[in-house]
Asker: 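Have a look at this one before I ask anything.
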Amino acid sequence: MAETCYRHPDRETGVRCSSCDRPICPDCMTPSPVGMRCPECSRQTTRVKAGAAAFEGSRATSASYILIAVNVAAFLYELLRGGGGFSISQSNPVIVHFGLIAPPVADGQLYRLLTSGFLHYSILHIAFNMYALFIVGRLLEPAIGRLRFVFL
């Protein structure tokens, strides 16, 4: 037995609303980008935020800002200890104690795998990295969640 339109029980149809799945006849069909919709579903609108408006008022990127602050603080500490900023200095005590240097890591100083990620050799190095973190963080952190983003 064929289905009948939910609004016109005397009319047989083989088409269903793409939103609510009710059977609809040709008189009730409203074309949409996602298929045919019934009159009730075609009246509903979905508000979509695009571009920068999608991020307004959102605290979803707070981990990105915290990571940027930690990186800047570590860079300022490097500057105060006599390195970074304008020249590459392998004699900087911060780099000597926390940089990614193979022999100490092989000897078990595994903390260097983490701490070296917060060290920067010049103003341009930290500027480009923090700009990239800002852009990627705004997109990625809301998508995968704060905790996963921090671990990533």
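None of the values given here were measured: they were computed from a predicted structure.
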Asker: Please answer: with hydrophobic residues joined when any side-chain heavy atoms are less than 4.5 Å apart, are Val72 and Phe134 in the same cluster?
Answerer: yes

Asker: Output the distance between atom CG (Leu67) and atom CG (Leu152), rounded to the nearest 0.5 Å.
Answerer: 10.0 Å

Asker: Does Arg37 have any salt bridge (Lys or Arg N to Asp or Glu O under 4.0 Å) partners at least two apart in sequence or in another chain, and if so, which?
Answerer: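 Salt bridge (Lys or Arg N to Asp or Glu O under 4.0 Å) check on Arg37 returns nothing, list empty.
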
Asker: One pair to check against side chain to side chain contact (heavy atoms under 4.5 Å, CB included): Glu78 and Phe75. What are the steps and the verdict?
Answerer: CA-CA 5 Å; Glu78 275 184 80; Phe75 184 69; 4.0 Å; yes

Asker: Closest approach of Phe98 and Thr115, non-hydrogen atoms and distance?
Answerer: O-OG1, 2.8 Å

Asker: Distance from Leu119 atom CG to Asn71 atom CG, nearest 0.5 Å?
Answerer: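 Spacing of CG (Leu119) from CG (Asn71) equals 9.0 Å.
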
Asker: Of all the heavy-atom pairs spanning Cys38 and Ile24, show the shortest one and how long it is.
Answerer: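 Closest pair (atom of Cys38, atom of Ile24, distance): CB-CG2, 3.7 Å.
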
Asker: Decide yes or no on side chain to side chain contact (heavy atoms under 4.5 Å, CB included) for Leu100 and Leu113, but give the supporting numbers first.
Answerer: CA-CA 6 Å; Leu100 188 58; Leu113 297 172; 3.7 Å; yes

Asker: Among pairs that include at least one residue of residues 97-111, which meet side-chain hydrogen bond (donor to acceptor under 3.5 Å, both in side chains), considering only residues two or more places apart or in two chains?
Answerer: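 Pairs touching residues 97-111 that pass the test: Gln109-Tyr111, Gln109-Arg112.
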
Asker: Can you tell me how far CD1 of Ile68 sits from CG of Asn129, rounded to the nearest 0.5 angstrom?
Answerer: 10.5 Å

Asker: Which value, rounded to the nearest 0.5 Å, describes the distance between Thr30 atom OG1 and Glu40 atom CD?
Answerer: 9.5 Å

Asker: Output all residues satisfying salt bridge (Lys or Arg N to Asp or Glu O under 4.0 Å) with Arg7, sequence neighbours left out; order by chain, then residue number.
Answerer: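 Salt bridge (Lys or Arg N to Asp or Glu O under 4.0 Å) check on Arg7 returns nothing, list empty.
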
Asker: Supply the atom-to-atom distance Met130 CE to Ile135 CD1, rounded to the nearest 0.5 angstrom.
Answerer: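 Taking CE in Met130 and CD1 in Ile135, the distance rounds to 12.5 Å.
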
Asker: Distance from Leu139 atom CG to Phe149 atom CZ, nearest 0.5 Å?
Answerer: 9.5 Å

Asker: Is Val136 reachable from Leu133 through a run of hydrophobic residues whose side-chain heavy atoms are each under 4.5 Å from the next?
Answerer: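 Yes: a chain of side-chain contacts under 4.5 Å links Leu133 to Val136.
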
Asker: So which atom in Ser62 and which in Glu141 form the shortest heavy-atom distance, rounded to 0.1 Å?
Answerer: N-OE2, 3.5 Å

Asker: In the single-linkage hydrophobic clustering (I, L, V, M, F, W, Y; side-chain heavy atoms under 4.5 Å), do Ile144 and Tyr65 co-cluster?
Answerer: yes

Asker: Please lay out, stage by stage, how Leu110 and Val105 fare under the test side chain to side chain contact (heavy atoms under 4.5 Å, CB included).
Answerer: CA-CA 5 Å; Leu110 299 179; Val105 173; 4.2 Å; yes

Asker: With Met36, which of Pro31, Cys28, Cys41 fulfils side chain to side chain contact (heavy atoms under 4.5 Å, CB included)?
Answerer: Pro31

Asker: Looking just at side-chain N and O atoms, do Ser64 and Arg138 make a donor-acceptor pair shorter than 3.5 Å?
Answerer: no

